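Taking it in order: structure first as structure tokens, then the write-up.
In what follows, chains are A, B, ... by sequence order, proteins preceding strands, each numbered from 1. This one's a predicted model, so the numbers in the text were calculated from it and none came from an experiment.
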Amino acid sequence: MAKQLALTRRAQYLAVYGSGKAFADSALLVKVMPNRLGATRSGFSISKQIGKATVRNRVKRLLKENVRQLELKAGWDIVFIARRSIVETDYHTLGSIMSRLLRRAGILEQDAKKAGAEAN
RNA sequence: CAAGCAGGCCGGGUAGCCGCUCCGAUGUUUUCACACCGGAGAGGAAAGUCCGAACUCCGCCAGGCAGGGUGCUGGGUAACGCCCAGGAGGGGUGACCCUACGGAAAGUGCAACAGAAACAUACCGCCCCUCGCGAGAGGAGCAAGGGUGAAAUGGUGAGGUAAGAGCUCACCGGCGGAAGGGUGACCUUCCGGCCGUGCAAACCCCACCCGGAGCAAGACCUAAUAGGGGGAAAUGGUAUGCCUGGACCGUCCCCGGGUUGGUCGCAUGACCCCGAUGGCAACAUCGGGGCAAGAUGGAUGGCUACCGCCCCGUGAAAGCGGGGUACAGAAUUCGGCUUAUAGGCCUGCUUGGUAU
RNA sequence: CGGGGUGUAGCGCAGCCUGGUAGCGCACCUGAAUGGGGUUCAGGUGGUCGUCGGUUCAAAUCCGACCACCCCGA
């Protein structure tokens, strides 16, 4: 994932936390907020409660890879917040969870619906 | 063959598709960047942060006192609480392993409860003498036996005695002295007399070492705001305990305001590999060769297929089916220690069994 | 990444420096007082002292290692 598509400042995270809409699953919490950039940026929050450094790295990489595969509408800031049960979730299950949550948020491209159904 | 001891090593592989960070070349572009090609990209512990250093800043000024650390001896090292070799003590049939292992006649303190006594003692007792018909009472001696305790004034045996005791003797242990060996810890031999304990991971004494903070250290650049208001104090302040001397001058607190960007530090180093020489070894010296991650909301990845390895079931075997493939993720960099770790390999040695 | 602190009864804490008895408040249980409840009074239950080793006759306390949680830092 390219660097300019990532949230890199604490202020950006706090803005999404404060005024973004939330969509939740038992393994994942997603907060989204529209921006005016014409591009969609995403950030990841995996706290120390999730596990040791190896586990946190693994979770973040799975999330990033799934974001890369999904086709998202432009112009949104998205923060993915991991919950404890995400440790037992594999790549494909996590992909279906993410596509479901983002479709509810209304920022998944219609073309990608098919791919999301396939992943299920 | 089985059980074990010591040392060293590895810690999945190949291919395809899609990605990430850095470096280099080319092209487009005013720059920022973008496209494409090539190269590099987690560990033995990267971990815990328990020690030691490099490096950086702080007033590392001088002296002294506190305070902290280490603790058998000798060596290695930049340094260490690490490593090597040796000594002593302890454990194991053995290979071998373990040990914070200086000082208790420098001083202070503690040893609860129990017990007569925990620095000097006699509770139950033992023996002798006197009185008494006797039970017993008084006097003198003893510390062997019993009892209490974690610990009771060297141990075993013999002699000796009224009963006993290092009272005497032999051996052992401890202490002191002498001689010899060893750089030293210490060892061996001889002589002397018979001397109460434990705790220094209690204070302490002795020997040696230590200024403090840490890469969010620190340096530079760009942008922006302000050169402000109030108070304390001159026996004040100048970075980390205290005192003395010396040096310097504004210092400290509160309110208000601004920045929470970029670059460097940052990877050629007490570096790695091979060989030779010196040394029992740790290690050192010399020669040759090599360059091996560098992120900053933090890269080093995701998926698929096949193979390898281990376990279980089935089977004569081949094979088949199922499951597993650990601990763990660089953040200034090194030297150690400690802790976690599926499975596997190599070398030497010990004990027991069997065969020749 | 670096620095520091704390783990003791259900909860909040003391005891640790200077080693031998684990204590205080709230809560809980029983009884008294009230027609009943609260308040009050009396009595009582309850703790592997975070875990594992070491020193010591003896460890919550001294020493070492490990685990968990919390705080601070341009």
Side-chain angles (χ1 to χ4, degrees):
Chain A
M1 197 176 72
K3 198 190 284 183
Q4 50 268 60
L5 298 180
L7 297 176
T8 58
R9 294 289 153 221
R10 179 165 173 77
Q12 296 167 349
Y13 279 82
L14 291 177
V16 176
Y17 291 159
S19 54
K21 288 179 162 183
F23 301 90
D25 184 77
S26 66
L28 192 66
L29 177 67
V30 179
K31 284 209 159 205
V32 298
M33 186 183 76
N35 63 21
R36 299 163 185 271
L37 298 175
T40 290
R41 302 181 299 180
S42 49
F44 307 92
S45 175
I46 298 109
S47 80
K48 265 194 170 174
Q49 303 297 323
I50 302 301
K52 297 191 172 191
T54 310
V55 176
R56 297 202 304 272
N57 269 336
R58 167 78 180 170
V59 167
K60 187 194 281 186
R61 283 162 182 162
L62 290 177
L63 286 169
K64 285 167 82 171
E65 184 64 18
N66 271 298
V67 167
R68 195 171 67 85
Q69 296 293 333
L70 293 170
E71 298 192 31
L72 301 173
K73 287 183 180 175
W76 294 83
D77 283 347
I78 311 171
V79 175
F80 298 90
I81 301 163
R83 290 180 165 175
R84 187 121 183 86
S85 65
I86 204 170
V87 176
E88 280 82 31
T89 310
D90 65 23
Y91 170 72
H92 296 291
T93 312
L94 188 59
S96 63
I97 289 171
M98 287 170 70
S99 60
R100 193 173 73 241
L101 291 177
L102 291 173
R103 196 180 308 125
R104 264 169 51 197
I107 58 177
L108 201 63
E109 286 287 354
Q110 296 301 312
D111 306 341
K113 265 191 174 176
K114 227 175 171 182
E118 261 177 27
N120 273 334

Determine whether [X] and [Y] make a side-chain contact, defined as any pair of heavy atoms from C-beta on separated by less than 4.5 Å.
X	Y	result
A:M98	A:V30	no
A:I78	A:L72	yes
A:I46	A:I86	no
A:Y13	A:I81	no

For [X], side-chain hydrogen bond (donor to acceptor under 3.5 Å, both in side chains) partners two or more places apart:
X	result
A:N57	none
A:N66	none
A:R100	A:D25
A:E65	A:R68, A:Q69

Look for any protein N or O under 3.5 Å of an N or O in nucleotides 15-18 of chain B and output each such pair with its distance, or none.
residue: B:C18; atom: O2'; partner: A:R68; partner atom: NH1; Å: 2.6
residue: B:C18; atom: O2'; partner: A:R68; partner atom: NH2; Å: 3.1
residue: B:C18; atom: O2; partner: A:R68; partner atom: NH2; Å: 3.3

Checklist entry - Restricting to pairs with a member in residues 60-89 of chain A, which pass ring pair (Phe, Tyr, Trp, His ring centres under 6.0 Å), not counting sequence neighbours? => result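 Residue pairs passing ring pair (Phe, Tyr, Trp, His ring centres under 6.0 Å), neighbours aside: A:F44-A:F80.
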Tell me the partner of [N], counting only Watson-Crick (N1-N3 plus N6-O4 or O6-N4) or G-U wobble (N1-O2 and O6-N3) with both under 3.5 Å; none if nothing fits.
N	result
B:C80	none
B:C303	B:G16
B:U49	none
B:U332	B:A54
B:G67	B:C210
B:G109	B:C199
B:A267	none
B:A318	none

In whole Å, what separates the [atom1] atom of [N] from that of [M]?
N	M	atom1	value
B:C82	B:C50	C1'	13 Å
B:A179	B:G90	C1'	32 Å
B:G74	B:G102	P	15 Å
B:G343	B:U325	P	11 Å
B:A185	B:G87	C1'	6 Å
B:A46	B:A340	P	16 Å
B:U93	B:G308	C1'	44 Å
B:G43	B:A299	P	16 Å

Checklist entry - Base, sugar-phosphate, or nothing for A:R58, non-hydrogen atoms under 4.0 angstrom? => result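 Sugar-phosphate contact only - A:R58 comes under 4.0 Å of backbone atoms but never of a base.
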Which residues satisfy the side chain to side chain contact (heavy atoms under 4.5 Å, CB included) test with [X], sequence neighbours excluded?
X	result
A:S26	A:S85
A:A24	A:L29, A:R83
A:F23	A:K21, A:V32, A:L101, A:R104, A:A105

Next on the checklist: Take N1-N3 plus N6-O4 or O6-N4 for Watson-Crick, N1-O2 plus O6-N3 for G-U, both under 3.5 Å. Which runs of 3 or more such pairs involve RNA chain C?
Outcome noted: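 Ordered by first number, the stems with RNA chain C (at least 3 consecutive pairs each) read C:1-7 with C:67-73, C:10-13 with C:23-26, C:28-32 with C:40-44, C:50-54 with C:62-66.
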Checklist entry - In terms of the nearest nucleotide of RNA chain B, which residue is placed more toward the 5' end: A:D90 or A:V55? => result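 Nearer the 5' end of the strand: A:D90.
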Checklist entry - Which residue, A:K60 or A:Y91, contacts RNA chain B at a nucleotide closer to its 5' end, judged by nearest heavy atom? => result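 Per heavy-atom nearest nucleotide, the more 5' residue is A:K60.
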Checklist entry - What salt bridge (Lys or Arg N to Asp or Glu O under 4.0 Å) pairs are there with at least one residue in residues 46-58 of chain A, not counting sequence neighbours? => result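 Listed by first then second residue: nothing to list.
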Grab the N/O contacts between the protein and nucleotides 323-328 of chain B below 3.5 Å, and write none if there aren't any.
residue: B:A328; atom: OP1; partner: A:K52; partner atom: NZ; Å: 3.4

Checklist entry - If you check the A:N57 side chain, which of B:G302, B:A299, B:G298 turns out closest? => result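 My answer, after comparing the listed nucleotides, is B:A299.
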Checklist entry - To the nearest Å, how far apart are A:L94 CG and B:G302 C1'? => result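 Between C1' of B:G302 and CG of A:L94: 12 Å.
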